[in-house]
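Just below is one structure, and these are the notes that go with it.
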Amino acid sequence: MNGAESLVRTLVGGGVNVCFANPGTSEMHFVAALDRVDGMRCVLGLFEGVVSGAADGYFRMTDGPAATLLHLGPGYANAAANIHNANKASSGMVNIVGDHATYHRRYDAPLTSDIETLVRPNSHWVKTSPNAMSIAADGAAAIAAARTQPGQIATLILPADTAWNEGSGPVAVPPAMPRQPAPVAGIEEAAKVLRSGEPTLLLLTGRALREDGLALAGQICAKTGARLMAQGSNARTQRGRGRVALERVPYVVDQALAVLSGLKHIILVGAKMPVAFFAYPNKPSLLSPEDCQGHVLCKLDEDAVGALAALAEAVGARGTPAPVVNDPRPELATGKIEPMALGQSLGALLPENAIVVDEAVTTGRGFFAPTKAANPHDWLSNMGGSIGLGLPLATGAAVACPDRKVVCLEGDGSGMYTLQALWTQAREGLDVTTLVFSNRSYQILKGELANVGAGNPGRKALDMLDLGNPDIDWVGLAKAMGVPGAKATTMEEFNRHCAEGLAAPGPYLVEVVL
Ligand SMILES: Cc1ncc(C[n+]2csc(CCOP(=O)(O)OP(=O)(O)O)c2C)c(N)n1
């Protein structure tokens, strides 16, 4: 058995059953080995940013890593922006980056580059496998690293001769370690703060934002009068009717300062003290009041649900009912297409157990409130700020959860970075309804131009923020990649086309003209 097959068998044996791939010559033995090994689903992405974003979506929905297959330094470089996003979301993934055969590297052939240096900033674990006999053991170590709580990026560089020479056969992967309990001192400190009666916020991210963690956090806040919020963006939040709802720290600095003003304590449940996305002249970087103290209940890799349960116990909140959302679902909105109307119709239309991928940027900023009482769903956000994640993330989430509907909320500017994901959705028959909010501009940047104090923009500056001239035909783009769709110019059309997409099995795209 050659090295490549030893590696693929190690991946499958270690529970890595999906590989998002964009291969080249140096990965041909890995590709050939896929045919000889059962249990590995291979999904082709036509740009590496699709591959890495999909692996992120897959991890968020399964809590287990997928593999990616990337072609040398440039293949990795194309994947890097969404690996950055995955890293910020603490998603685990096993990147397999092909390289030239070990003896060929010294000749500096066109695709030669320093792959280790390229991958290091966004990888917790990096290794170039030295020979075919060690590739399976290195693969097993990469899987173990990717599964390290809360999830890590592991990058294994695979020189072509380590794939084609005789290998060791598969190597067993040690079972994943559970999360460690949070230190008792943090729980005691948090309980003391909550008992003090001073204005306190429980700030959540990570594992705490699933239904069980939210119920405990809701009980604690109902009992003690503390406030409850989530970080500005989060990997996966479970929300909707029957669950404890929470708002996020706003993106706009002045709004965030207002929301957090008066607080004396923030209890951090996996979260960091809130910081502004960017610095702006004459505005603070830290969003909490100067005299507000942070208290770590648990770190991101620790057992957040266990820590919340212990805190609920400590403040006597176990018998307090969790304040879950009981409101009726909103009605469909009608008339002119506007962000709040879209949020309302979305709240009415979201199917039970949907997975919402949110890269709606300006249009979607207010969607949390009107979707609060929608059917129960999971909400996935971009945590690394590198746009072009939404369509790939939705693709990976749909591969992970074939029984659930994925609804991708996408800005037209962000969508254009990685639109090839639509082709993968069509080829794989993935159940994704994509709503592209076609405001034909980089709308958010128009506000940012003013916020950074760059003065009154002229024609040249405004042209850099405008996506019209020519208008992008999203329905045409989708059709060309095998995804049916329709355009909506009124809320009535939106309601109809969105419902059509949600009713159809497989991918569908609605271009929403704002
Ligand atoms: C990789 C990357 N390049 C550029 C940016 C800067 N950027 C932030 S938002 C944005 C435009 C987003 O446009 P769109 O998705 O249409 O959202 P809108 O604000 O119009 O709703 C750009 C270019 C970024 N965040 N990431």
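Both backbone and side-chain heavy atoms feed into the values below; hydrogens, waters and symmetry mates do not. Counting starts at 1 for both ligands and their atoms, following the listed order. Keep in mind that what you see is a predicted model, and the values were worked out from it rather than measured.
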Residue-level breakdown please: for Y417 versus ligand 1, do any non-hydrogen atoms fall below 4.0 Å on the side chain, on the backbone, on both, or on neither? side chain
Between A81 and ligand 1, find which residue part has any heavy-atom pair under 4.0 Å and reply side chain, backbone, both or neither. neither
Please report the closest heavy-atom contact between T434 and E410, naming both atoms and the distance. CG2-CB, 4.4 Å
Which protein non-hydrogen atom lies closest to atom 10 (C) of ligand 1, naming both residue and atom, and how far is it? I387 CD1, 3.5 Å
Measure the distance from atom 13 (O) of ligand 1 to every protein heavy atom, then report the residue, atom name and distance (to 0.1 Å) of the closest one. Y442 CD2, 3.4 Å
E428 (side chain) donor-acceptor with Q425 (main chain) under 3.5 angstrom: no
Do any N or O atoms from the side chain of T371 and from the backbone of A374 form a donor-acceptor pair under 3.5 angstrom? no
Strictly under 4.0 Å, does any heavy atom of A360 approach an atom of ligand 1? yes
Of the listed options (G415, G413, S441, G447), which comes nearest to atom 20 (O) of ligand 1 when hydrogens are ignored and any heavy atom counts? S441
Ligand 1 to Q443 polar contact by distance, N or O atoms, under 3.5 Å: yes
If we number the atoms of ligand 1 from 1 as shown, the ones under 4.0 Å from a heavy atom of L445 are 22 (C), 23 (C)
Ligand-residue contact atoms, ligand 1 with G385, heavy atoms, under 4.0 Å: 24 (C), 25 (N), 26 (N)
When you measure from atom 6 (C) of ligand 1 to the protein, is at least one non-hydrogen atom found at a distance under 4.0 Å? no
